[in-house]
Amino acid sequence: MNIWRWLTTPDPEPGFTRGKIIKLTVRVFLFAIFATLVGSLLRAVGLGPYLDTWWGTLLFVLLLYVPLARYLMVDTFAPSRVGGGRLGGGSKAPVNKAGQTSAERRKERNRYAGVRKSAPKGGRR
């Protein structure tokens with residue numbers, strides 16, 4: 001199993017299972033390492049005195065933690081995806097009674113989209 005897919009794929013099971021807790025622990029550990037590396041890199045560049053102020057810490061948190069919050073909570077608080085989707089199962093398109101897929105129905109429905117109708121042919125010529 002691909003480690004990145006394992007870390008980023010939402011878990012369809014509700015609640016906190018053992019796998020979810022392990023996955024969340026790994027994410028938090030990787031995020032802590034990344035935050036530490038970014039902070040030490042900023043200190044090495046010479047921004048240490050600014051990071052030690054309250055507004056420097058606030059900017060660091062807002063610029064680093066907020067965008068990566070979704071990464072940390074992929075399957076913790078997000079609703080589960082049922083059916084298809086980019087990461088979910090369901091590789092086939094839904095099929096109706098006539099045997100057409102939704103893409104074929106949409107293509108047929110939009111076949112004459114944007115084509116102007118002719119003038120009414122009210123019986124006289």
Side-chain angles (χ1 to χ4, degrees):
M1 176 183 275
N2 185 357
I3 187 77
W4 181 252
R5 181 166 290 164
W6 178 76
L7 284 173
T8 58
T9 302
D11 192 357
E13 298 176 21
F16 286 105
T17 61
R18 183 175 173 218
K20 279 188 186 180
I21 292 172
I22 292 171
K23 199 183 288 190
L24 187 61
T25 304
V26 169
R27 282 193 193 119
V28 168
F29 181 72
L30 290 174
F31 178 74
I33 290 173
F34 179 72
T36 304
L37 289 175
V38 169
S40 61
L41 180 69
L42 289 175
R43 289 185 188 280
V45 171
L47 298 176
Y50 302 109
L51 286 176
D52 292 335
T53 62
W54 67 270
W55 54 268
T57 305
L58 179 69
L59 284 175
F60 182 73
V61 167
L62 288 178
L63 292 176
L64 184 69
Y65 284 68
V66 173
L68 293 176
R70 186 184 185 291
Y71 165 71
L72 290 172
M73 297 184 297
V74 167
D75 59 2
T76 306
F77 300 108
S80 64
R81 295 178 183 157
V82 179
R86 188 170 57 98
L87 297 174
S91 60
K92 296 181 90 178
V95 178
N96 69 354
K97 295 176 188 172
Q100 290 181 326
T101 64
S102 60
E104 290 170 343
R105 287 192 313 269
R106 185 173 52 249
K107 185 177 179 182
E108 183 64 29
R109 189 173 55 235
N110 296 335
R111 184 174 176 185
Y112 298 107
V115 177
R116 293 182 184 259
K117 291 183 174 181
S118 65
K121 301 186 179 180
R124 56 186 164 136
R125 292 185 181 194

Review point. If Ile, Leu, Val, Met, Phe, Trp and Tyr residues are connected whenever their side-chain heavy atoms lie under 4.5 Å apart, and connections chain through other members, are Tyr65 and Leu58 in the same group?
Key: yes
Revision key, fill the gap. In this structure, OG1 of Thr57 is separated from CG of Leu62 (nearest 0.5 Å) by 10.5 Å
Practice item. Kindly indicate, with the supporting measurements, whether the criterion side chain to side chain contact (heavy atoms under 4.5 Å, CB included) is fulfilled by Lys107 and Thr101. Key: CA-CA 10 Å; Lys107 185 177 179 182; Thr101 64; over 6 Å; no
Exercise for review: Tell me whether Leu37 is reachable from Phe31 by hopping between hydrophobic residues (I, L, V, M, F, W, Y) whose side-chain heavy atoms are closer than 4.5 Å.
Suggested key: no
Point to revise | Test side chain to side chain contact (heavy atoms under 4.5 Å, CB included) applied to Leu59 and Tyr50, step by step | key: CA-CA 10 Å; Leu59 284 175; Tyr50 302 109; over 6 Å; no
Check your understanding: Trp55, Val66: one ILVMFWY side-chain cluster at the under-4.5 Å cut-off?
Key -> yes
Review point. If you measure from CG on Leu47 to CG on Asp52, what distance do you get to the nearest 0.5 Å?
Key: 11.0 Å
Check your understanding: Side chains of Val26 and Leu30: closer than 4.5 Å at any heavy-atom pair?
Key -> yes
Review point. Rounded to the nearest 0.5 Å, what separation is found between the CG atom of Leu42 and the CG atom of Leu63?
Key: 9.5 Å
Exercise for review: List the steps and the verdict of side chain to side chain contact (heavy atoms under 4.5 Å, CB included) for Ile21 and Thr25.
Suggested key: CA-CA 6 Å; Ile21 292 172; Thr25 304; 4.2 Å; yes
Review point. Do Phe60 and Ile33 share a hydrophobic cluster, counting only Ile, Leu, Val, Met, Phe, Trp and Tyr and linking them when any side-chain heavy atoms are less than 4.5 Å apart?
Key: no
